[in-house]
Amino acid sequence: MESGLYVVATPIGNLGDITSRALAVLTAADIVAAEDTRHTARLLQHFSITATLLAYHEHSGERAQARILECIAAGGVVALVSDAGTPLISDPGYRLVRDAQDAGHRVIPLPGPCAAIAALSASGLPTDRFLFEGFLPAKAGARARRLQDLAAESATLVFYEAPHRVAETLQDMVTAFGDQREALLARELSKTFETLKRAPLVDLAGFVAADSNQQRGEIVLAVSGQRGRDEALTPDVTRMLLRLAEELPAKRASAVVADLTGLRKKALYDYLLGQKG
Ligand code: SAM
């Protein structure tokens, strides 16, 4: 196997999601650099892999990084893993990847599980553009300000959230984004109690507040971006809508365009009525 730093995605719950390439690299690695060596030891044990584990996280310091770079410089293979999912996505590794590249080493990504992408893929929210925000600030004031800053963003927003804060955060989102933005709760993805629920923000906040089970486990929140009248009804969309309305009743034309674009049917219908008026 070619020498380098392999950035290896690992399962976010269901161990069946490990890739065969991940297993091959973890087996061949001279060092497996792990956020939590005990956690990764259990993963490796499950797949009967014996490897030299090295702690690599925010506080592991220069020495761990130096050892990794020396190993690669000597022709070795280092696998970087985090506790779950894709390393560097709200997880350690940024400085190591940069420094390895700057030292002229190959950095090879092994694609695989990522909670944000899994949640988005089954969200039913627009995925043509999205903004990954990771964890919001833990302090209420800073969190409210961050959400306010995002209120006009038109891309779908994706957040990681801790279970003990999810109810409060959803309430803050209602305040910042309004009642009716569509949002998703994706909980315990790929695990026994997997839950995916899409609803207007106010309903989702109510659903979570009313059921303490929804405030457990690992959670991704996604919120559709602001789709203002001006931004949404681009010339391409209105041209398509008007042309379809020549062939179909206004309601039907609006429904077809809503289906194709993800825009709200009512906004399209109102536009057509305005044109007729
Ligand atoms: N690097 C990881 C990835 O690729 O998804 C994310 C690491 S971050 C420290 C951990 C957060 O990811 C959790 O607090 C939760 O928000 C989200 N997460 C991880 N596993 C999840 C799962 N099975 N279901 C839902 N969210 C999950």
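Just follow the structure's listing: the first ligand is 1, and inside any ligand the first atom is 1. Quick caveat, the model's predicted, so the values are computed rather than measured.
The ring of F132 has its center closer than 6.0 angstrom to the ring center of Y160.
No salt bridge links E218 with R187; every basic N to acidic carboxylate O contact stays at or beyond 4.0 Å. By the 4.0 Å N-to-carboxylate-O rule, E70 lies too far from R67 to be salt-bridged with it. In summary, E168 and R143 engage in a salt bridge, as defined by a charged side-chain N under 4.0 Å from a carboxylate O. The existence of a salt bridge linking D149 and R145 is excluded, since no basic side-chain nitrogen approaches an acidic carboxylate oxygen closer than 4.0 Å.
Not a single N or O atom of G13, backbone or side chain, sits closer than 3.5 Å to an N or O atom of ligand 1. Geometrically, ligand 1 and C114 share no nitrogen or oxygen pair separated by less than 3.5 Å. The shortest N or O to N or O distance between I219 and ligand 1 is below 3.5 Å. Backbone and side-chain nitrogen or oxygen atoms of R187 are examined, and none is located within less than 3.5 angstrom of a nitrogen or oxygen of ligand 1. Looking at ligand 1, you won't find any N or O of G85 less than 3.5 Å from one of its N or O atoms. Between I89 and ligand 1, a contact under 3.5 Å exists for at least one N or O pair.
Between the side chains of S82 and D91, a donor-acceptor pair is found at a separation under 3.5 Å. Using modelled atom types and a 3.5 Å distance limit, the side chains of S154 and Q226 yield no donor-acceptor pair.
Nearest protein heavy-atom neighbour of atom 19 (C) of ligand 1: E218 OE2, 3.6 Å. Protein heavy atom nearest atom 2 (C) of ligand 1, with residue, atom name and distance: A84 O, 3.2 Å. In this structure, atom 14 (O) of ligand 1 lies nearest to the protein heavy atom F135 CZ, 3.4 Å. Among protein heavy atoms, atom 18 (N) of ligand 1 sits closest to A115 CB, 3.4 Å. In terms of protein heavy-atom proximity, atom 24 (N) of ligand 1 is closest to L189 N, 2.8 Å. Summary of contacts: the protein heavy atom closest to atom 3 (C) of ligand 1 is Y160 OH, 3.5 Å. Summary of contacts: the protein heavy atom closest to atom 7 (C) of ligand 1 is D91 OD2, 3.2 Å. Given atom 9 (C) of ligand 1, the protein heavy atom at minimum distance is S90 O, 3.2 Å.
By the 6.0 Å contact criterion, CZ on F130 is open, its count of non-hydrogen atoms from other residues, nucleotides or ligands being 12 or less. Residue R165 places its CZ atom among more than 12 non-hydrogen atoms of other residues, nucleotides or ligands, all under 6.0 Å distant.
A 4.5 Å side-chain heavy-atom check between Y6 and V107 finds every atom pair outside the cut-off.
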Mind listing the side-chain donor-acceptor pairs of residues 53-61 below 3.5 Å, one per line with the distance, residues two or more places apart or on another chain?
{"unit_1": "Y56", "atom_1": "OH", "unit_2": "Q65", "atom_2": "OE1", "d": "3.3"}
{"unit_1": "H57", "atom_1": "ND1", "unit_2": "H59", "atom_2": "N", "d": "3.1"}
{"unit_1": "H57", "atom_1": "ND1", "unit_2": "S60", "atom_2": "N", "d": "3.4"}
{"unit_1": "S60", "atom_1": "OG", "unit_2": "H57", "atom_2": "N", "d": "2.9"}
{"unit_1": "S60", "atom_1": "OG", "unit_2": "H57", "atom_2": "O", "d": "2.8"}

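Residue contacts with ligand 1, taken as heavy atom pairs separated by less than 4.0 Å, involve E188 solely via the backbone atoms N, CA, C and O. At a 4.0 Å heavy-atom cut-off, ligand 1 touches A186 through the backbone alone.
The contact set between ligand 1 and E161, taken as ligand atoms under 4.0 Å from a residue heavy atom, comprises 16 (O). Counting atoms of ligand 1 from 1 in the listed order, those under 4.0 Å from a heavy atom of T86 are 1 (N), 3 (C), 4 (O). Close contacts of ligand 1 with K191, meaning ligand atoms under 4.0 Å from a residue heavy atom, involve 23 (N).
The shell of residues lying under 4.0 angstrom from ligand 1, judged by heavy atoms, excludes S190.
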